[in-house]
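Input: a single structure, listed below in structure tokens.
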Amino acid sequence: MAEQNKGLRLFNTLTGRLESFTPLDANGERVNMYVCGPTVYDDAHLGHARCYITWDVLFRFLQFSGYKVRYVRNVTDVDDKILNRAKERGELPAELAERNYQSFTEDMAALNVLPPTEEPRATRYIRHMLSGIEVLIAKGAAYITPDGSAYFRVAAKADYGKLKYATQNVEVLKRHLDDLKAGARVEVDEGKESPLDFALWKAVPLSDLNGWESPWPAKGDSKGWGRPGWHMECSAMNHALFGEQIDIHAGGADLIFPHHENEIAQSEAWTGKQPFSKFWLHNGFVNVSGEKMSKSLGNFSTIKKLLTRYDANTIRYFLLTNHYRMPVDFNEEALQAAENWTKRIYRLVKGVLGALKIRQADLIASVAPNARQLEGQEDPAGVFGLFQEAMLDDLNTPRALGVLNAALGNLQLSFNECPDAVETRAHFKAVATIMTQLGFDLAVLFDSSASSVPAEDVRAMYRQITEKNPEQEPGVLLEELVALRKQAKASKDWPQADAIRKHFTDIGLQILDNKDGTTTVEKDGLEIVRV
RNA sequence: GGCGGCAUGGCCAAGUGGUAAGGCAGGAGUCUGCAAAACUCUCACCCCCAGUUCGAAUCUGGGUGCCGCCUCCA
């Protein structure tokens with residue numbers, strides 16, 4: 001039998017404590033994990049990046065730890081925000097949702113976020129939602145109002161509120177309910193038995209094109225018509241795909257209440273089984289210069305926009321330097337620090353890749369896919385052990401990055417001393433494995449081509465320096481220019497050599513003279529040409 | 001108003017009882033035609049007060065400040 005507890009500890013919002021993670025699976029092998037996915041009404045922003053990168057890291061680490069993970073991340077493609085946005089744009093809601101979903105998929109891929117095992121869409125589970133609501137009605141946990149809407153009867157769930165307050169103390173819960181009732185911001189809908197009750201199904205007029213048939217017609221109508229309440233889809237998709245219980249349910253901290261609390265109430269009332277999810281995990285928010293990032297403040301950055309300025313590894317490093325449950329502050333200085341780090345390690349890793357003649361395929365092969373493979377293997381400076389230790393401790397990525405930096409330091413030293421030593425390879429494997437497990441994308445280091453520099457810029461520079469009209473491809477021209485500078489250097493014509501350097505820097509290219517006599521042309525830390 | 005969280009050097013951030021990891025930035029030096037890289041050295045008594053303890057950034061109590069949730073939000 002497989003080891004039940006692999007030493008992972010996670011902070012469970014359900015209990016408010018750090019707990020040892022063990023899956024429900026009797027063999028302790030399979031893990032079912034559900035993450036609340038995006039509502040596809042707009043481009044994804046940095047907040048989404050933080051959320052999905054966090055759970056991407058968990059997904060990777062669970063697999064690294066030897067679990068077989070089924071990771072479901074839903075797509076909310078029915079929602080008032082989608083309808084409103086579609087209306088504004090004069091577009092069909094389904095088209096808008098599809099377009100944004102594609103955009104989201106691109107963003108996730110660009111951020112090197114692994115695709116989940118499945119990505120169910122809410123609109124494909126309407127029927128399942130309706131049948132779930134019928135079960136709730138039959139059990140007395142839900143009721144229909146005269147207009148044909150369905151509400152969850154919170155009074156029917158004695159332990160409602162357990163997620164947020166993480167306590168079994170009934171009195172505290174009661175007080176919590178009183179507080180909620182007294183709260184100024186609980187609106188009282190027509191027909192609701194209690195202000196705490198929430199919609200499972202919202203009736204809409206038959207004339208509304210964006211509706212589905214329900215079994216509950218409003219007074220005078222021939223058939224029922226409406227849309228799902230906003231918590232129901234997650235309960236339904238979990239029920240349809242996983243059954244009654246799952247191991248991990250995760251999402252942004254803002255979802256704790258009411259979304260997740262209501263999901264728990266629905267799902268547990270539906271199946272009679274609890275806990276609906278053994279672990280509830282929540283990531284912290286992204287602030288912008290100390291303020292909450294929000295549309296109303298206009299201070300949010302879309303992933304697409306961010307990626308024009310910073311590469312994916314920089315964004316990931318920036319996010320992972322903060323523990324996932326803490327708020328992270330987005331500001332230029334922090335991003336700049338992350339970018340400097342990224343550039344530094346690019347230089348090192350590129351140098352190693354070149355010296356050891358490691359190709360992309362070799363790189364993948366040199367990354368250990370799971371911790372088990374590392375057992376009994378050489379662990380240079382104990383970094384694998386330290387890395388795992390950090391990650392097992394509630395995904396302590398800041399600490400894990402500290403370990404990575406130590407591994408990078410070891411690699412640098414070994415590389416300086418003897419690039420081709422066995423030791424260097426071992427250190428490199430440690431670095432490559434840790435980086436890959438944290439979701440850094442090393443493939444970008446192989447993506448060197450002159451095409452990333454506008455051909456016109458290169459031709460213009462060539463014209464300035466040689467006063468000749470160029471015809472060749474940028475790559476060839478760059479090589480010629482490097483050769484020209486090399487000649488100038490050889491004849492100690494320093495002004496000319498420096499002038500050429502300046503021309504390169506003017507169009508955003510860096511010239512680096514290497515120890516071995518070669519010269520590298522880089523753009524943003526990435527090699528373009530090496531002569 | 002209710003509840004939760006956080007407070008460590010210029011910036012970010014580990015560290016939960018024994019005298020402060022790491023990254024970025026900065027300073028000094030080595031190397032170098034220039035530039036870059038690399039290497040060496042250097043840079044904090046942990047918001048305040050009181051308490052527990054031989055000993056606290058780390059535990060307890062009080063205070064101050066900041067943030068979040070309670071409303072769509074990742």
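None of the values given here were measured: they were computed from a predicted structure. Below, each value reflects all heavy atoms present in this structure, side chains not excepted, and no hydrogens, waters or symmetry copies. First the proteins, then the strands, lettered A, B, ... as listed; each starts at 1.
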Given [options], identify the nucleotide with an atom nearest to the side chain of [X].
X        : options             : result
A:Asn322 : B:A13, B:C69, B:G22 : B:A13
A:Met326 : B:A74, B:C70, B:G5  : B:G5
A:Pro398 : B:G15, B:A74, B:A13 : B:A13

Notebook entry, point to check: Salt bridge between A:Glu339 and A:Arg344, side-chain N to carboxylate O under 4.0 Å?
Noted result: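 The answer is no: the pair does not qualify as a salt bridge.
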
Next item on the list: May I ask you to evaluate whether A:Asn283 reaches the phosphate of B:A74, defined as a side-chain N or O under 4.0 Å from OP1 or OP2?
Entry: no

Check: Can a side chain N or O of A:Asn396 be found less than 4.0 Å away from OP1 or OP2 on B:G15?
Finding: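 True: A:Asn396 side-chain N/O within range (under 4.0 Å) of B:G15 OP1/OP2.
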
Checklist line | Note, A:Phe318 side chain near A:Phe330 side chain (heavy atom, < 4.5 Å) | finding: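 In short, these two side chains touch, coming nearer than 4.5 Å.
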
Item checked: Validation row: A:Arg9, A:Phe21 side chains within 4.5 angstrom (heavy atoms) -> no

Pairing check on [N]: which nucleotide meets the Watson-Crick or G-U wobble criteria with it, both distances under 3.5 Å?
N     : result
B:U52 : none
B:A21 : none
B:G9  : none
B:C47 : B:G63
B:C39 : B:G29
B:U71 : none

Do [X] and [Y] have ring centres separated by under 6.0 Å?
X        : Y        : value
A:Tyr52  : A:Phe104 : yes
A:Trp55  : A:Tyr324 : yes
A:His249 : A:Phe279 : no

Next item on the list: Starting at atom CZ of A:Arg85, determine the distance to atom P of B:C73, rounded to an integer number of angstrom.
Entry: 14 Å

Next item on the list: Starting from C1' on B:G22, measure out to CG on A:Leu408 and report it in whole angstrom.
Entry: 11 Å

Item checked: side-chain hydrogen bond (donor to acceptor under 3.5 Å, both in side chains) between A:Tyr160 and A:Asn262, worked out -> CA-CA 8 Å; A:Tyr160 183 78; A:Asn262 290 353; 2.5 Å; yes

Taking only nitrogen or oxygen atoms into account, show me every contact under 3.5 Å that the protein makes with nucleotides 37-46 of chain B, one pair per line with its distance.
unit_1	atom_1	unit_2	atom_2	d
B:A38	O2'	A:Asn416	ND2	2.7

Next item on the list: With side-chain contact (heavy atoms from CB on, under 4.5 Å) as the test, would you mind laying out the steps for A:His282 and A:His260 before giving the verdict?
Entry: CA-CA 10 Å; A:His282 295 96; A:His260 287 162; 2.8 Å; yes

Tabulate atom names and distances for all N/O pairs under 3.5 angstrom spanning the protein and nucleotides 25-33 of chain B.
unit_1	atom_1	unit_2	atom_2	d
B:A25	OP1	A:Asn340	ND2	3.2
B:G33	N1	A:Asp498	OD1	3.0
B:G33	N2	A:Asp498	OD1	2.7
B:G33	N2	A:Asp498	OD2	2.5

Item checked: Integer angstrom distance from the C1' of B:A20 to that of B:A38 ->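 Looking at atom C1' only, B:A20 and B:A38 are 28 Å apart.
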
Notebook entry, point to check: Is it true that the side chains of A:Gln336 and A:Asn340 contain a donor and an acceptor less than 3.5 Å apart?
Noted result: yes

Next item on the list: State whether the aromatic ring of A:Phe285 stacks on the base of B:A74, taking stacking to mean ring centres under 5.5 Å apart and ring planes under 30° to each other.
Entry: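 Ring-base stacking flag set for A:Phe285 and B:A74.
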
